[in-house]
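Note that ligands are numbered from 1 as they come in the structure, with each ligand's atoms numbered from 1 the same way. Values below: every heavy atom of this structure, side chains too, minus hydrogens, waters and symmetry copies. Since we're looking at a predicted model, the values are computed, not measured.
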Amino acid sequence: MNPNIPSRVKLVDVGPRDGLQNEKQPVPAAVKIELVHRLQQAGLKEVEVTSYVSPKWVPQMADNHEVMQGITRVPGVRYSVLTPNLKGWEAAVLDKPDEIVVFGAASEAFSQKNINCSIAESIERFAPVVEAARAAGVYVRGAMSCTVGCPYEGEIAPERVEYLAGLMKGIGVQHIGVADTIGVGTPRKVQRAIEATLKHYDLNDVSGHFHDTYGQALANTLAALELGVWQFDTSVAGLGGCPYAKGATGNVATEDVVYMLHGMGIETGIDLDQLIDAGAYISDFLGRKPQSRVAVAVLTKRKG
Ligand SMILES: CC(C)(COP(=O)([O-])OP(=O)([O-])OC[C@H]1O[C@@H](n2cnc3c(N)ncnc32)[C@H](O)[C@@H]1OP(=O)([O-])[O-])[C@@H](O)C(=O)NCCC(=O)NCCSC(=O)C[C@@](C)(O)CC(=O)[O-]
């Protein structure tokens with residue numbers, strides 16, 4: 001096996017936030033809370049719970065306070081939330097997240113559509129958020145959208161990823177996620193985006209966030225593992241899609257990544273059966289099958 005491949009991987013389940021943010025049907029806070037509980041029971045050590053964004057832009061996340069305050073926290077589990085500006089941070093801090101996420105884009109057009117400002121303006125907005133969070137002892141992660149392709153601008157060059165990673169580093173963002181927002185990436189392209197990020201960030205501070213629109217997300221995860229990346233965002237049942245990236249499907253399913261990693265002898269600390277139950281719970285609520293191939297296979301096998 002490639003010696004760069006780590007023996008242990010940390011997965012952050014972003015299903016409750018990235019997975020549900022685009023759902024058109026209302027999902028009650030109680031269901032979101034139960035999903036977080038089931039994920040932590042399955043062994044997830046970090047869950048991205050919600051976002052503090054405009055309820056006019058993303059109505060599904062309007063219950064952020066209720067969800068964060070309703071969770072029974074487990075020691076050793078981290079709860080992260082998205083905060084695009086100081087207003088978001090001021091709301092989020094009341095709910096005591098372990099980690100906040102500022103989210104920018106390597107594409108100007110996506111930045112405008114997603115957060116209504118240019119890349120340069122986004123960094124100006126993030127800077128005081130990062131400062132306030134770090135002063136309060138809250139860890140700061142950055143997400144970089146559209147690192148290989150953009151729904152409005154097409155292919156994104158690695159130099160633009162390097163540029164954004166440098167800006168994020170410059171304002172004190174501690175960890176950076178390399179996102180293939182619309183799932184158009186293929187393994188070499190994703191590796192180039194990660195290599196560009198590694199010009200500014202240590203390998204231990206970089207994670208992968210791959211959507212599966214074109215069915216490449218597992219291959220892209222493996223490509224990132226081959227560079228030594230050991231942290232990934234995944235979404236239980238493959239939930240999700242971004243409201244500002246039409247047609248993009250959910251993140252790679254946590255179940256599929258766990259199955260692949262365990263099959264490679266890589267530890268995750270996650271119980272696949274309990275994870276599949278968590279995915280079945282939310283999929284039943286939404287009235288559809290899990291998007292995870294592994295979950296569907298196991299659930300079919302269980303029926304006998
Ligand atoms: C970023 C803003 C808020 C800027 O929105 P804006 O309109 O430019 O902000 P503004 O400062 O001009 O304020 C306009 C209104 O929004 C309110 N407002 C302002 N800020 C907040 C806040 N934090 N929370 C609640 N309300 C807020 C503010 O109070 C005001 O309310 P009004 O006076 O009209 O009633 C807006 O564009 C927005 O909410 N966008 C949604 C972004 C979003 O959630 N996108 C999806 C998540 S990112 C993602 O999924 C990608 C990722 C991370 O997963 C990685 C990947 O795959 O690429």
Are more than 12 heavy atoms from other residues, nucleotides or ligands located less than 6.0 Å from atom NZ of Lys10?
yes
Atoms of ligand 1 close to Ser145 [distance to a heavy atom under 4.0 angstrom, numbered from 1]:
51 (C), 55 (C), 56 (C), 58 (O)
I'd like to know if Val178 and Val12 are part of one continuous hydrophobic network [Ile/Leu/Val/Met/Phe/Trp/Tyr, side-chain heavy atoms within less than 4.5 Å].
no
When you look for heavy atoms under 4.0 Å from ligand 1, do you find them on the side chain of Met144, its backbone, both, or neither?
neither
For ligand 1, which atoms have a heavy atom of Gln21 less than 4.0 angstrom away?
46 (C), 47 (C), 50 (O)
Nearest-option assignment for atom 45 (N) of ligand 1, heavy atoms, candidates Asn114, Thr181, Thr147:
Asn114
Side chain, backbone, both or neither: His211 near ligand 1, heavy atoms under 4.0 Å:
side chain
Does the structure place the NZ or CZ of Lys87 under 6.0 Å from the centre of the six-membered ring of Tyr52, at an angle of no more than 45° from the ring's axis?
no
Any N or O on Val53 sitting closer than 3.5 Å to an N or O of ligand 1?
yes
Which atoms of ligand 1 are found less than 4.0 Å from any heavy atom of Ala179?
55 (C), 56 (C), 57 (O), 58 (O)
Who's closest to atom 1 (C) of ligand 1 heavy-atom-wise, of Ala91, Pro84, Ser122, Gly183?
Pro84
Could you walk me through whether Lys32 and Glu23 pass the salt bridge (Lys or Arg N to Asp or Glu O under 4.0 Å) check?
CA-CA 12 Å; Lys32 295 172 182 166; Glu23 268 306 320; over 6 Å; no
Quick note on ligand 1: atoms under 4.0 Å from a heavy atom of Asp18 include exactly 50 (O), 54 (O)
Nearest-0.5 Å distance, OG1 of residue Thr83 to CD1 of residue Ile100:
3.5 Å
Close N or O approach (Ser51, ligand 1; < 3.5 Å):
no
Do Asn64 side-chain atoms and Ser51 backbone N/O form a donor-acceptor pair below 3.5 Å?
yes
Numbering as shown, the atoms of ligand 1 that approach Tyr52 to under 4.0 Å (heavy-atom distance)
22 (C), 23 (N), 24 (N)
Classify the ring geometry of Phe210 against Phe232: parallel below 30°, tilted from 30° to 60°, perpendicular beyond 60°.
tilted
A student comparing Cys117, Ser54, Ala92 should find that the heavy atom closest to atom 16 (O) of ligand 1 comes from Ser54
Step through the shown structure and confirm whether more than 12 heavy atoms of other residues, nucleotides or ligands are within 6.0 Å of CD on Glu131.
no
Evaluating non-hydrogen atoms only, which member of Glu121, His209, Lys87 is closest to atom 28 (C) of ligand 1?
Lys87
Ligand 1 atoms in contact with Gly88 (distance to a heavy atom under 4.0 Å):
23 (N)
Have a look at Phe210, Phe110, Phe103 and point out the one with the heavy atom closest to atom 48 (S) of ligand 1.
Phe103
Dump the intermediate steps for salt bridge (Lys or Arg N to Asp or Glu O under 4.0 Å) on Asp233 and Arg141, then the final yes or no.
CA-CA 12 Å; Asp233 297 345; Arg141 178 153 53 94; 3.8 Å; yes
